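Okay, so here's the structure we're looking at.
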Amino acid sequence: MAVSAVVESVFNTILEQLADEIGALLGSPIKLSEHRMNVLTKEDLFAISRGRSVLSTMVVSGDQTGDAFIISDLKDSVVLGGTLIMLPKDQIEENCKLRTFEGEEADAYGEVANIIAGVYTSVFLDMYPDKLHFKRTTVADFVPSQLDPAADQPFPPGEYFHSSCAMSLEGFELKNLEVVIPAQLLGLGTQPVPEAVEEPVAETLAEIEENGEEVPSQAGEDDSPLAEAETPTDYIDSSTVNRVLKASISQCVEEIGGMLGLELALENITTRYVSKQEYFSRPGKKAIAAEMIITGDSSGTGYFITDLKDAIYLGGTMIMLPSAEIEKQIQTGELSEDIDDAFGEVANIVSGGLVQNFDEMYPRKLHLQKGEMTIFTPTKVKIDTIEPFPDGEYYQVSGSLSCDAYDLGDLSFLCPVDILHIAPRPVESSWGEPVPEEPTAAAKAPPQTGGETSAASINRAPQQQATIDGKIPQQQAAEKETIVVIVGDDQEQTALFANSLDTFEHSAIQLTTGDSFNTLRQYTIIAAFLLMSEVDEQSFAHMIKLRSEIPAQQPLIVAGPQWTRTNVIKAVRYGATDIILTPASDKEIREKVTSNLKTTCH
């Protein structure tokens, strides 16, 4: 069974650091090569041919718990322990012949195992999405051929991740160093890991404003009217999009080079549709993402992304740091305040270059302004969070930086597909030919059972009852129906909000977070409610998607329990107009409608 790209990247990094750390401990270079990774059953693990070996247990704690194991040949363990305590080579070889694991060599090998556990902890904390700590406990020898794979010793039956590499130490012939970890602990299992919850506070948006604190403006806040519903003939053709994006990013790189006095160029420029899952399917190096806040005919956020080391180099060059100081900063993997400010200016050049090219060449008016910058480790990114950017469909332009003075990597600009006003990604058949898209779950309207209202049903006054069945209503685009949208997964809570709006002058449509929000484009939306079961990263991702389907000038009211100051501000940043603390009363809901829609519920 293959392993994930994240796990592969983490363990390759571990191998590199282990060679350095063990070599430094022993005072003699050690080479680790022929790295192999796989997921095996216990029976498969003990089908591997081994002689008498040493098993070191590492207790895993943190976001997940369990036991991991280091397996090394008995002779290799004696060699490593003996080298650590500086025994003569002939004495080490003599001890190997004894086929025992005790005394000073055994204690010394325990220190080697400690180093291994320390490297695992360091790399996992730096690169892995979950926080995992490894602590070496017991070290004991065993004979693999004498173990019963069905027994619970030395570890129970099940699936395990297996990492194996060949060891080479000058003057000795060594075998493999193996590490065994429960597969589920590395995300290869099926059990989800609960997320920590921030301590709630009783403040709402209004209370924060009353305290005189500044609340960020809504993401993509804009007074421009909503464009008419998109049809295939409205889309901007791909050749125009590609030409503008490639010209924009090339000009940006040239201007950065000119400002820094570097010969910079962008090579191998490509464009493609990409989801967050696809972008992080092959994790790269530590990177930085600069928000590009987009307003104009469309509103939202794009992202300028480059390797962190490149950002440090470009920022350090701008403020004329010595090469040695820049290299030192790169080794630390952190942006100093001065370099952070300097790279912010680089990002400003990018936003300026994009604006200029969009103004001159693009059919739609788009303005970009640099927002916040986020440093992230690709292997630690979780797809269902909003960092460094939310899940969704993006169009990406990227290329490889070429510099006469330094070895630079790639840079990319990602922009949501709907902002560019381009056609959705073509759906391919098994033969690679585009095929018409299947109706979405919301448009198929599955049959209702038990008298319950479906997620896509329309809640109206009795004389206005109707359902969404995937067909545009009779009035068609010539006169789109005006609606209020209620999105939530809790049927009881959704029904409460719907009942509070049943005397409102416009119809209310109910959707779940799993439905496609694209179906809303056939309506004129004057307000939306997002009902969160929990105020968490996944809910914020739903908020961003819903916000993109609502006219910028229309309110998005977000309801949820246990709001914190941080989450209130974050909600506003991602497009919320107002916030309701749940559970909420009918009166509170009606008041929010009255204040935000400047109307009255009768």
Side-chain angles (χ1 to χ4, degrees), residues 9-37 50-62 67-128 132-142 161-181 328 331-333:
S9 180
V10 168
F11 276 82
N12 283 334
T13 301
I14 286 174
L15 204 68
E16 294 173 4
Q17 293 194 17
L18 274 181
D20 294 338
E21 295 290 338
I22 295 176
L25 178 70
L26 300 180
S28 179
I30 187 169
K31 183 179 179 181
L32 304 178
S33 60
E34 300 177 26
H35 192 199
R36 295 176 296 278
M37 292 172 278
R50 301 181 188 88
R52 194 176 189 91
S53 303
V54 171
L55 184 80
S56 305
T57 302
M58 295 189 293
V59 174
V60 183
S61 60
D67 290 335
F69 306 90
I70 306 167
I71 301 175
S72 57
D73 183 79
L74 178 66
K75 289 184 178 180
D76 295 351
S77 304
V78 171
V79 168
L80 294 174
T83 302
L84 178 58
I85 59 177
M86 295 181 288
L87 291 180
K89 181 181 178 181
D90 56 353
Q91 180 64 54
I92 293 175
E93 291 176 342
E94 188 64 30
N95 291 343
C96 288
K97 295 177 182 178
L98 299 176
R99 305 297 293 166
T100 58
F101 187 68
E102 56 188 17
E104 291 183 321
E105 294 98 324
D107 293 339
Y109 176 74
E111 294 304 315
V112 175
N114 280 336
I115 289 293
I116 294 173
V119 170
Y120 268 69
T121 297
S122 174
V123 174
F124 266 85
L125 290 178
D126 186 49
M127 296 183 64
Y128 198 65
L132 300 181
H133 298 261
F134 294 77
K135 181 180 180 181
R136 193 273 297 174
T137 54
T138 60
V139 179
D141 60 323
F142 72 107
F161 171 80
H162 179 240
S163 169
S164 174
C165 64
M167 292 190 293
S168 177
L169 183 67
E170 185 177 358
F172 296 96
E173 292 185 5
L174 304 180
K175 296 183 179 180
N176 291 338
L177 177 66
E178 302 172 76
V179 171
V180 176
I181 301 177
K328 182 180 178 181
Q331 293 301 320
T332 64

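Basis for what follows: all heavy atoms, side chains included, without hydrogens, waters or symmetry-related copies. If you're wondering where the values come from, they're calculated on a predicted model, not measured in any experiment.
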Do any side-chain atoms of residues 50-58 form donor-acceptor pairs under 3.5 angstrom with protein atoms, and if so which ones, sequence neighbours left out?
from, atom 1, to, atom 2, distance (Å)
R50, NE, E178, OE1, 3.4
R50, NE, E178, OE2, 2.8
R50, NH1, L45, O, 3.0
R50, NH2, L45, O, 3.2
R50, NH2, E178, OE1, 2.8
R52, NE, D141, OD2, 3.2
R52, NH2, D141, OD2, 3.1
S53, OG, G51, O, 2.8
T57, OG1, T138, OG1, 3.2

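Note that the CG atom of D67 and the CD1 atom of I181 stand 11.0 Å from one another [nearest 0.5 Å]. Atom CG of L32 is separated from atom CG of L15 by 5.0 Å, given to the nearest 0.5 angstrom. The line from NZ of K135 to OG1 of T121 is 11.0 Å long, rounded to the nearest 0.5 Å. One finds the CG atom of L25 at 10.0 Å from the CD1 atom of I30 (value rounded to the nearest 0.5 Å). The NZ atom of K89 lies 8.5 Å from the CD atom of E170; values are rounded to the nearest 0.5 Å. A distance of 14.0 Å separates NZ in K75 from CD1 in I92, rounded to the nearest 0.5 Å.
Heavy atoms only, all atoms of each residue included: E105 and I85 are closest at N-CD1, 4.2 Å. Here the closest heavy-atom approach between residue S72 and residue L177 is recorded as CB-CD1, 4.3 Å.
Counting only distance, with no hydrogens or angles, the side chain of S122 and the backbone of G118 share no donor-acceptor pair below 3.5 Å.
In this structure, E104 places its CD atom where only 12 or fewer heavy-atom neighbours from other residues, nucleotides or ligands lie under 6.0 Å away.
Screening L80, V79, D76 against Y109 for a side-chain contact (heavy atoms from CB on, under 4.5 Å) leaves a single residue, L80.
Between F124 and F134, the two ring planes are tilted [angle within 30° to 60°].
M167 is not listed as a side-chain neighbour of I22, based on a closest heavy-atom distance of 4.5 Å or more. Considering only heavy atoms from C-beta on, I115 stays 4.5 Å or farther from R136 through its side chain. Within the 4.5 Å cutoff, no side-chain heavy atoms of D126 are placed close to those of T13. Looking at heavy atoms from C-beta onward, L98 lies out of side-chain contact with V78 at the 4.5 angstrom threshold.
No hydrogens or angles considered: nothing links the side chains of E16 and N12 as a donor-acceptor pair under 3.5 Å.
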